[in-house]
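What follows is a short report on a single structure.
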Amino acid sequence: MRLPPMLLVTLREDPAEAEIPSHKLLLRAGYIRRIASGVYAYLPLMWRVLQKVSQIVREEMNAAGAQECLLPQLQPAELWQESGRWETYTKAEGIMFALIDRQQREMGLGPTHEEVITAIARDMIRSYRQLPVNLYQIQTKFRDEIRPRFGLMRGREFIMKDAYSFDADEAGMKLTYQKMNQAYHNILRRSGLKFRAVDADSGAIGGSGSQEFMVLAEAGEDEILYTADGKYAANVEKAVSLPADAVPSPFTTAEKRETPGTDTIEKMCKFLQCSPTCVVKNVLYQAVYDNGMMVLVLVSIRGDQDVNEVKLQNELVKLAADYRATTVIALTVPDAAAQEKWAAKPLPLGYMAPDLADSYIKPPKPAPVEVKAAGGVVPKFLRLVDQTAVALQNFATGSDEAGYHVVGANWGQEFKLPDRVVDVRKATVGDRALHDASQTLQTARGIEIGHIFQLGTKYSQALGATYTNEQGEDRPLVMGCYGVGVSRLAQSAVEQAHDKDGIIWPVSIAPYHAIVVVPNVADAEQMQAAAQLYTELNQAGVETLLDDRNERAGVKFKDADLIGIPYRIVTGKSLKDGKVEVVNRATREMQELPLVYVVPTLQEWIAAAIAV
RNA sequence: CGGGAUGUAGCUCAGUUGGGUUGAGAGUUGCCGCUUUGGAAGCGGAAGGUCGUAGGUUCAAAUCCUACCAUCCCGACCA
């Protein structure tokens, strides 16, 4: 491609709308333009990058035995009602764009495709003889994100590869999952990214095991905990570890003590001269279930530990049936305004005890025993105790009276141990690892660009997707699903590799391999040599741009650096010796090559760079 | 949805505190001309703005008031 006919508009300054380097650079270099919040146009250079990424994904998926297809983005509400996700995905904090067509039918724009694919499987897969099947597509997804961010990192419209596998049984599904795991490693490696596969929470998608593929970058939204021996890596949401050992309690007898102005664990421990590991901290959450029911959750946990809200939410989802709900749609620490809505009297904040009285909650208006109406507040605290707090003896905790704590308390004596013992503690950097206590957790930040799930039969059962096994029995299909954020992956590459002058694309996903720059377009010899190189390179399969704009050399060098083409060929001063300069964008290394060597040399370099 | 901020030329921003013919302005991009030709060079010229939108206050509003809209940042969601 010659530069004049190609739409290339570069910006001299960072656009005000961008915050992180990759977003700034993609805008400055003319790869993307914002059309609305979280909605971007992929301009010609960007589209080539996305095609390159897609092609790598396609090759690896095909190699792993998956087949490409294309599913509808416009989807009927009925399918989502069948799976039970319509309400949670379109109402409240839901992320699905929903609309009503001219026949008053409810439709949604696909945020994901479990429902559609399962409906197809239900129709088409009848026999074990057809299994396993793994279908994938590369397509635009729509998600009405609560907060779109950072350009393509979190858009409301973005390109994703999603795959769905169907197996006869758990073992088959696990095998497919392993193949996908390998394919994902291949995809990321070939895309030239530094990454880590980590244990992950399954979130709203559901299912059992799942792994995320994290591209390592400071701007990443996720925290990863891992051990140096390489045997453990997990998203902090999912991570497990050994807590520090508790210090023996200095308290010997149970008593209430005046502790003025100690509404934080830190102040209290200083005042009482004890370790936070001798304290039972009681944290209040408010959870809203999908039927509108609000439940106040009191979590008792060891004072030095923090609650992992993802784990807590998972525990609450398990209890949903107790409240005639199916899932949790919001989980927050209630602020003053939120407390006012349900609190009968001011809470002893900072001094709450595990047995905080239920009378702090306003009784329901008509005062029925059970709250049935939507939006009701359950008039009893849901009391949970984290494992770390269970074994404590002679601990200190709140007294339910501001300015006073109880010390030397024990479960079963001063306080009743809550019935539900859970693991909701947050693993943190420095904790000892479970698999080997001599290993401590280290931290890194990552961008989640892939996630693979073992779904099991959640959707196939909901939608009645069954097959007949060898014994002639009907069995639900065992599913897996596997996503790659194609557009996010592309931006992550920029986040991971750039310098002050611009983008440094990995060769495998760069929009072009090489750019021929003519410093002086008035020099016929330079122009002739450049035109010839440009033609020969392209014919030889080296994807090449030609910049023969009537600009000063500096402008063209700056632009070439900014857009990040891996190899720059300059028909400059050494042309009189029959040589051109070839510059490596990443290393800045420059060498002069005789004209005839240019094509084979670049072919060799590119092949070497791509064959990782 | 809660909290914070912003909205003035294609882009980055002054001007708003204290309303006023001292000009709606600077840099940059794009356009024209000259000059220049190895890291966004120089000189000159012309062009480019419903000052986010709609009301209101006032003799007078980019500036004060109200509402709305949009965008960005911090939390919950996720590829």
Side-chain angles (χ1 to χ4, degrees), chain A residues 9-20 23 27-28 30 33-34 36-39 57 88-89 92-96 111-112 138-141 143-163 184 200-205 212-215 221-222 235 237 285 287-288 309-310 313 328-338 447-453 481-492 501-502 517-523 526 550-562 568 570-574 581 583 590:
Chain A
V9 178
T10 56
L11 269 37
R12 189 183 284 247
E13 286 168 286
D14 286 334
E17 70 186 62
E19 190 74 11
I20 61 171
H23 188 198
L27 285 165
R28 277 190 60 202
R33 280 290 160 110
R34 188 180 60 78
S37 178
V39 179
V57 168
T88 51
Y89 266 62
E93 306 281 286
I95 53 162
M96 190 167 182
T112 176
I138 298 171
Q139 169 205 66
T140 297
K141 290 280 184 282
R143 291 186 188 173
D144 193 2
E145 290 286 346
I146 301 164
R147 184 147 93 89
R149 241 195 291 211
F150 302 150
L152 307 185
M153 288 298 192
R154 180 182 299 281
R156 294 193 297 164
E157 184 184 315
F158 62 96
I159 299 175
M160 177 174 170
K161 185 285 303 180
D162 48 327
Y184 274 45
D201 181 67
S202 313
I205 307 275
E212 288 168 336
F213 290 78
M214 296 286 191
V215 168
E221 297 184 67
D222 290 287
N235 190 315
E237 296 174 351
Y285 284 91
V288 178
E309 294 187 9
V310 173
Q313 175 147 352
V328 173
I329 57 177
L331 177 64
T332 52
V333 174
D335 56 17
I447 301 163
E448 180 193 354
I449 68 93
H451 200 159
I452 59 178
F453 298 86
C481 79
Y482 320 91
V484 171
V486 171
S487 43
R488 183 185 278 184
L489 188 157
Q491 184 171 336
S492 303
D501 293 312
V517 173
V518 187
N520 183 0
V521 294
D523 184 329
Q526 288 191 12
N550 185 16
E551 293 283 356
R552 292 171 62 87
V555 173
K556 288 181 271 200
F557 293 154
K558 285 282 187 192
D559 273 344
D561 285 351
L562 180 59
R568 187 178 78 211
V570 185
T571 56
K573 291 169 187 158
S574 51
E581 294 160 29
V583 184
M590 188 274 277

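Sequence lines set the chain letters: A, B, ... in the order given, protein chains first and strands last, and positions in each chain run from 1.
- Checking B:rU37, B:rC13, B:rA76 against the side-chain heavy atoms of A:N520 singles out B:rU37 as nearest.
- Between the side chain of A:R154 and the base of B:rC77, a donor-acceptor pair under 3.5 Å is found.
- When both pairing distances are held under 3.5 Å, B:rU66 makes a Watson-Crick or G-U pair with B:rA54.
- Distance CD (A:E448) to C1' (B:rC77): 11 Å, rounded to an integer number of Å.
- Taking atom C1' on both B:rU29 and B:rU21, the two are 31 Å apart, rounded to the nearest angstrom.
- Between the C1' atom of B:rC73 and the CD1 atom of A:I20 lies a distance of 13 Å, rounded to the nearest Å.
- B:rG48: no Watson-Crick or G-U partner with both key distances under 3.5 Å is found in any strand.
- When both pairing distances are held under 3.5 Å, B:rG75 makes a Watson-Crick or G-U pair with B:rC1.
- Nucleotide B:rG25 has B:rC13 as its partner under the Watson-Crick or G-U criteria, with both atom distances under 3.5 Å.
- Going from atom OH of A:Y89 over to atom C1' of B:rC77 covers 10 Å, rounded to whole Å.
- The interatomic distance linking A:H451 (NE2) with B:rC77 (C1') rounds to 13 Å, in whole Å.
- Remark: the A:R488 side chain and the B:rC78 base include a donor-acceptor N/O pair separated by less than 3.5 Å.
- The nearest whole Å value for the distance from the CE atom in A:M590 to the P atom in B:rG39 is 13 Å.
- At the phosphate of B:rG75, OP1 or OP2 sits under 4.0 Å from a side-chain N or O atom of A:R147.
- Residue-level contact check: A:E145 touches the bases, meaning some heavy atom is under 4.0 Å from a base atom.
- Counting only heavy atoms from C-beta on, A:E551 has its side chain closest to B:rG30 among B:rG30, B:rC77, B:rC73.
- Following rounding to the nearest Å, A:L11 (CG) and B:rG27 (C1') show an atom-to-atom distance of 14 Å.
- Residue A:N550 is out of contact with every strand shown, counting any heavy-atom pair closer than 4.0 Å.
- The side chain of A:P15 approaches B:rU12 more closely than any other nucleotide in the set B:rG38, B:rC77, B:rU12.
- Base contact: A:G155 has a heavy atom under 4.0 Å from a base atom.
- Within the structure, every side-chain polar atom (N or O) of A:R552 is placed at least 4.0 Å from both OP1 and OP2 of B:rA41.
- Between B:rA24 and B:rA14, the distance separating the two C1' atoms is 11 Å to the nearest Å.
- On the P atoms, B:rA41 is 15 Å away from B:rG27, given to the nearest whole Å.
- Comparing atom distances between the A:R143 side chain and each of B:rA40, B:rC77, B:rA79 picks out B:rA79 as nearest.
- Taking side-chain N and O atoms only, A:T112 has no distance below 4.0 Å to OP1 or OP2 of B:rA79.
- Atom P of B:rC69 sits at a distance of 23 Å from the matching atom of B:rC11, rounded to the whole Å.
- Among the heavy atoms of the strands, none lies under 4.0 Å from A:Y184.
- One N or O donor and one acceptor, one from the side chain of A:R568 and one from the base of B:rG39, sit under 3.5 Å apart.
- Between B:rU12 and A:R12, no contact under 4.0 Å exists linking OP1 or OP2 to a side-chain N or O.
- The shortest side-chain heavy-atom distance between A:L152 and A:F158 does not fall under the 4.5 Å cut-off.
- Both A:M153 and A:V521 lie near RNA chain B, and the one whose nearest nucleotide falls closer to the 5' end is A:V521.
- Considering CD of A:E145 and CZ of A:R154, their distance stands at 5.0 Å, rounded to 0.5 Å.
- Separating the CG atom of A:N235 from the P atom of B:rC77 is a distance of 11 Å, rounded to the nearest angstrom.
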Next on the checklist: I'd like to know whether A:H451 forms a side chain to side chain contact (heavy atoms under 4.5 Å, CB included) with A:Y482, so could you lay out the CA-CA distance, the side-chain angles of the two residues, the decisive distance to 0.1 Å, and finally the verdict.
Outcome noted: CA-CA 6 Å; A:H451 200 159; A:Y482 320 91; over 6 Å; no
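- No side-chain heavy atom of A:K141 sits under 4.5 Å from any side-chain heavy atom of A:I159.
- Among the nucleotides B:rG39, B:rU71, B:rA79, the one closest to any side-chain atom of A:R34 is B:rU71.
- Within 4.0 Å (heavy atoms only), A:T332 reaches no atom of the nucleic acid at all.
- With respect to the salt-bridge test (charged N to carboxylate O, under 4.0 angstrom), the residues A:K556 and A:E551 do not qualify.
- Close to B:rA76, at under 4.0 Å from its OP1 or OP2, lies no side-chain N or O of A:Q313.
- Residue A:D561 is classed as a base contact, given a heavy-atom separation below 4.0 Å to a base.
- With B:rC73, B:rC78, B:rG38 as the candidates, the nucleotide lying closest to the side chain of A:V570 is B:rG38.
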Checklist entry - After noting the C-alpha distance and the side-chain angles of A:V215 and A:R488, does the key distance pass the side chain to side chain contact (heavy atoms under 4.5 Å, CB included) rule? => result CA-CA 10 Å; A:V215 168; A:R488 183 185 278 184; over 6 Å; no
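- Between A:R149 and A:E221 there is a salt bridge, since at least one side-chain N of the basic residue sits less than 4.0 Å from a carboxylate O of the acidic one.
- Each of B:rA79, B:rC11, B:rU71 was ranked by its minimum atom distance to the side chain of A:A36; first place goes to B:rU71.
- For A:D501 and B:rG39, a side-chain-to-base donor-acceptor distance below 3.5 Å is absent, hydrogens and geometry of angles not being considered.
- B:rA67 and B:rA5: their P atoms are spaced 16 Å apart (whole Å).
- B:rU58 and B:rU63 have their P atoms separated by 16 Å, with the value rounded to a whole Å.
- Backbone-only engagement by A:G450 is indicated by non-hydrogen atom pairs under 4.0 Å involving sugar-phosphate atoms exclusively.
- Between the side chain of A:Q526 and the base of B:rG38, no donor-acceptor pair of N or O atoms lies under 3.5 Å.
- Rounded to the nearest 0.5 angstrom, A:Q526 CD and A:N520 CG are separated by 5.0 Å.
- As judged by a 4.0 angstrom heavy-atom cut-off over every strand, A:P111 is placed among residues making no nucleic acid contact.
- Residue ring and nucleobase are not stacked for A:F557 and B:rG38 under a centre distance beneath 5.5 angstrom and an angle between planes beneath 30°.
- For B:rG75, the OP1/OP2 oxygens have a side-chain nitrogen or oxygen of A:R149 closer than 4.0 Å.
- Side-chain polar atoms of A:E212 and A:N235 form a donor-acceptor pair below 3.5 angstrom.
- A 3.5 Å limit on both hydrogen-bonding distances identifies no Watson-Crick or G-U partner for B:rG39.
- Remark on RNA chain B: of its neighbouring residues A:R33 and A:T571, the 5'-side contact belongs to A:R33, judged by nearest-heavy-atom nucleotide.
- For the P atoms, the distance from B:rA40 to B:rG2 is 48 Å, rounded to whole Å.
- Judged by Watson-Crick or G-U wobble contacts below 3.5 Å, the nucleotide B:rG20 has B:rC59 as its partner.
- Within the nucleic acid shown, A:K161 has no heavy atom closer than 4.0 Å to any nucleic acid atom.
- Distance check, rounded to the nearest 0.5 Å: OH of A:Y184 to CD1 of A:I452 gives 7.0 Å.
- Distance check on atom C1': B:rA61 versus B:rU16 gives 10 Å, rounded to whole Å.
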